[in-house]
Amino acid sequence: MTLFDYRSNQLKIRPALILLSVLAITPHAQTQNGAPVVKTGRVDEVVKKAAQKFMSDSHSVGLSVGVYQDGRTYTHNFGEVAKGKKESPTRHTIYEVGSITKTFTGLLLARAAAERKVSLDDDVRKYLDGSYPNLEFEGRPIKLFHLINHTSGLPFTLPNHPELFKNPDYYELPKILTRIESSYTRANFYDDLHKVKLDKVPGTEFRYSNSGAQLLGFILEKVYRMPYEKIVLKKIAGPLKMTETKLTLTGPEKKRLAQGHYENGSVALRVTPQSQAAGGLHSTVSDMLKYVRFHLDESDEAVKLSHQTTWGDIKYYASGLNWQMIQTPGGHRKIWQSGGTFGFSSHCVIFPELRMGIVLLSNESDVNSQGRLNEMANEILAGVGVN
């Protein structure tokens, strides 16, 4: 699970705020075949300016920035891999990416659908052992795609402890959650799933759910008959040569893992193994640029399917297979996802029509870090002339 998700468990979509975010991006550059024409030096200049603003915040520790624009990649690194260590991150510094993991899970579901192993409209109970009459409301069941677009109606987390998120202490909460999750088994998860009571028809309301993504991860394991991490390797990381993207790090890889920090600068707890399909992946800016480039090619059936609207209206706000989406004033799709863990914040945004994407990875998490990363992405986009 991820701390940013915990802080957002009362998430309500506010189209006006999202629209203001999009309106902040205005066109300036000339275009060629519909994509902005940007000089290499211009991208570097814009990134450095936006990054300096981000790093000027007293909470910031380290930052890795990746930009993919029409066949070219740009990477920049700022700050420290650990507070006070005076060691700068590199393009191969490893970060926890939190809920960006869910876009991998959504892509795997799309891949399974493209391979005709599942249908997005399948009743989830088709892939569960035992009887779950509780996973429907008024005769309408939870479907596979509901699990990853946050409309399943499942609780925010399993085990379900909503009382923990009412006026929480964000320094004590990670300790409590880690303690709970350390002894929480898959059998416990399914026992709790039997106790869920839906209060709305699945698919009708956006309600953020880590437990939905986690359940989808378990279902994908059953479909492909292998652990989630191996599915990611076989279907995504392996083919894309993303050798630094994984759940479990080796000894040498742990040495390249940045140190996460809370907003007061203290060292944060690591993400728990139970996060898996909901938020357990680690990656680097180098690997994530490969992922961005892959998502810009919608000739791949699974990629295209993962970007299709499954809830909402893209004119205002929509959800795909976890990706969040909106149409910009220039008529292009902005597709993005943020992520956060106890001590890391991240942001990934792509513009398929413009063949451009941005990855932002930082090793600090606070109540404003996701918003600051979103603002930084918008500043970069506006600076290079993307509307």
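In this text the structure is predicted, and so the values were computed from the model without any measurement.
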> Can you check side-chain contact (heavy atoms from CB on, under 4.5 Å) on L381 and M356, steps first, answer last?
Replying inline: CA-CA 9 Å; L381 292 164; M356 184 173 184; 4.2 Å; yes
Which donor-acceptor pairs under 3.5 Å do side chains of residues 237-244 form with protein atoms, sequence neighbours excluded?
from : atom 1 : to   : atom 2 : distance (Å)
E244 : OE1    : H92  : ND1    : 3.2
E244 : OE1    : T284 : OG1    : 2.7
E244 : OE2    : H92  : ND1    : 2.8
E244 : OE2    : R256 : NH1    : 3.2

>> With heavy-atom distances below 4.5 Å as the criterion, would you say the side chains of Y228 and L108 are in contact?
In response: yes
>> Please give me the minimum heavy-atom distance between S209 and S152, naming the atom from each residue.
In response: OG-OG, 4.3 Å
> Are the aromatic rings of H150 and F206 close, with centres under 6.0 Å apart?
Replying inline: yes
> Do the ring planes of F218 and Y190 sit parallel (below 30°), tilted (30 to 60°) or perpendicular (above 60°)?
Replying inline: tilted
> Which heavy-atom pair separates G62 from N363 by the least distance, and what is that distance?
Replying inline: N-OD1, 2.7 Å
> Do P352 and I335 touch side chain to side chain, with heavy atoms closer than 4.5 Å?
Replying inline: yes
>> Looking at E263 and R372, is there a salt bridge between them, counting it only when a charged N and a carboxylate O are closer than 4.0 Å?
In response: no
> How would you list, by chain and number, every residue that makes a ring pair (Phe, Tyr, Trp, His ring centres under 6.0 Å) with H282, sequence neighbours excluded?
Replying inline: none
>> With side-chain hydrogen bond (donor to acceptor under 3.5 Å, both in side chains) as the criterion, how do Q69 and Y74 come out once you've worked through the C-alpha distance, each side chain's angles and the decisive distance to 0.1 Å?
In response: CA-CA 8 Å; Q69 200 275 328; Y74 311 83; 4.6 Å; no
>> Under a 3.5 Å distance rule, please check whether S99 uses its side chain to pair with a backbone N or O of S338 as donor and acceptor.
In response: no
> Ion pair present between K86 and E80, side-chain N to carboxylate O less than 4.0 angstrom?
Replying inline: no
> H194: what forms a ring pair (Phe, Tyr, Trp, His ring centres under 6.0 Å) with it, not counting sequence neighbours?
Replying inline: Y132
>> Can you tell whether the side chains of K246 and E253 come within less than 4.0 Å, N to carboxylate O?
In response: yes
> Just by distance, do the side chain of N134 and the backbone of V196 share a donor-acceptor pair under 3.5 Å?
Replying inline: yes
> Angle class for the F104/Y291 ring planes (parallel below 30°, perpendicular above 60°, tilted otherwise)?
Replying inline: parallel
> Which pair of heavy atoms, one from M288 and one from S283, lies closest together, and at what distance?
Replying inline: CG-OG, 3.5 Å
> Are the side chains of D70 and L354 in touch, meaning some heavy atoms are under 4.5 Å apart?
Replying inline: no
> Taking it one step at a time, do E301 and R116 satisfy salt bridge (charged side-chain N to carboxylate O under 4.0 Å, His left out)?
Replying inline: CA-CA 12 Å; E301 183 179 356; R116 309 300 182 261; 3.3 Å; yes
> Mind checking what makes salt bridge (charged side-chain N to carboxylate O under 4.0 Å, His left out) contact with D122, not counting sequence neighbours?
Replying inline: K126
> Are Y224 and L321 connected in a single hydrophobic cluster, I mean Ile/Leu/Val/Met/Phe/Trp/Tyr linked by side-chain heavy atoms less than 4.5 Å apart?
Replying inline: yes
> Can you list every pair that meets salt bridge (Lys or Arg N to Asp or Glu O under 4.0 Å) and has a residue in residues 154-176, with sequence neighbours left out?
Replying inline: E172-K175
> Looking only at atom types and distance, does a side-chain atom of T105 sit under 3.5 Å from a main-chain N or O of A277, one as donor and one as acceptor?
Replying inline: yes
>> Quick check on the 6.0 Å ring-centre criterion: do H295 and H307 meet it?
In response: yes
> With a 4.5 Å heavy-atom cut-off, do T151 and T204 have their side chains touching?
Replying inline: no
> Would you say I350 and L361 are hydrophobically clustered, going by side-chain heavy atoms of ILVMFWY under 4.5 Å?
Replying inline: yes
>> With a 3.5 Å distance limit and no angle check, can you tell me whether S345 reaches the backbone of E364 through a side-chain donor-acceptor pair?
In response: yes
> Can you check whether Y262 and Y171 have ring centres sitting under 6.0 Å from each other?
Replying inline: yes
> Between V292 and Y68, which heavy-atom pair has the shortest distance, and what is it?
Replying inline: CG1-CB, 4.2 Å
>> Which heavy atom of K334 sits nearest to which heavy atom of V349, and what is that distance?
In response: CG-CG2, 3.7 Å
>> I'd like to know if the side chain of N378 and the backbone of E375 have a donor-acceptor N/O pair within less than 3.5 Å.
In response: no
> Should E138 and R140 count as an ion pair when the cut-off is N to O under 4.0 Å?
Replying inline: no
>> Salt bridge check, D300 against R111: does any charged N sit closer than 4.0 Å to a carboxylate O?
In response: yes
> Below 4.0 angstrom, N of the basic side chain to O of the carboxylate: do K235 and E115 qualify?
Replying inline: yes
> Roughly how far apart are K255 NZ and L257 CG, rounded to 0.5 Å?
Replying inline: 13.0 Å
>> For I142, is there any backbone N or O sitting under 3.5 Å from a side-chain donor or acceptor partner on E136?
In response: no
>> If the condition is salt bridge (charged side-chain N to carboxylate O under 4.0 Å, His left out), which residues does R186 pass it with, not counting sequence neighbours?
In response: E221
>> Less than 4.0 angstrom from a charged side-chain N to a carboxylate O is my criterion; do E45 and R42 meet it?
In response: yes
>> Using a strict threshold of under 4.0 Å (side-chain N to carboxylate O), is an ion pair present between R125 and D123?
In response: yes
> Looking only at heavy atoms, what is the nearest atom pair of S346 and Q370, with distance?
Replying inline: O-OE1, 3.1 Å
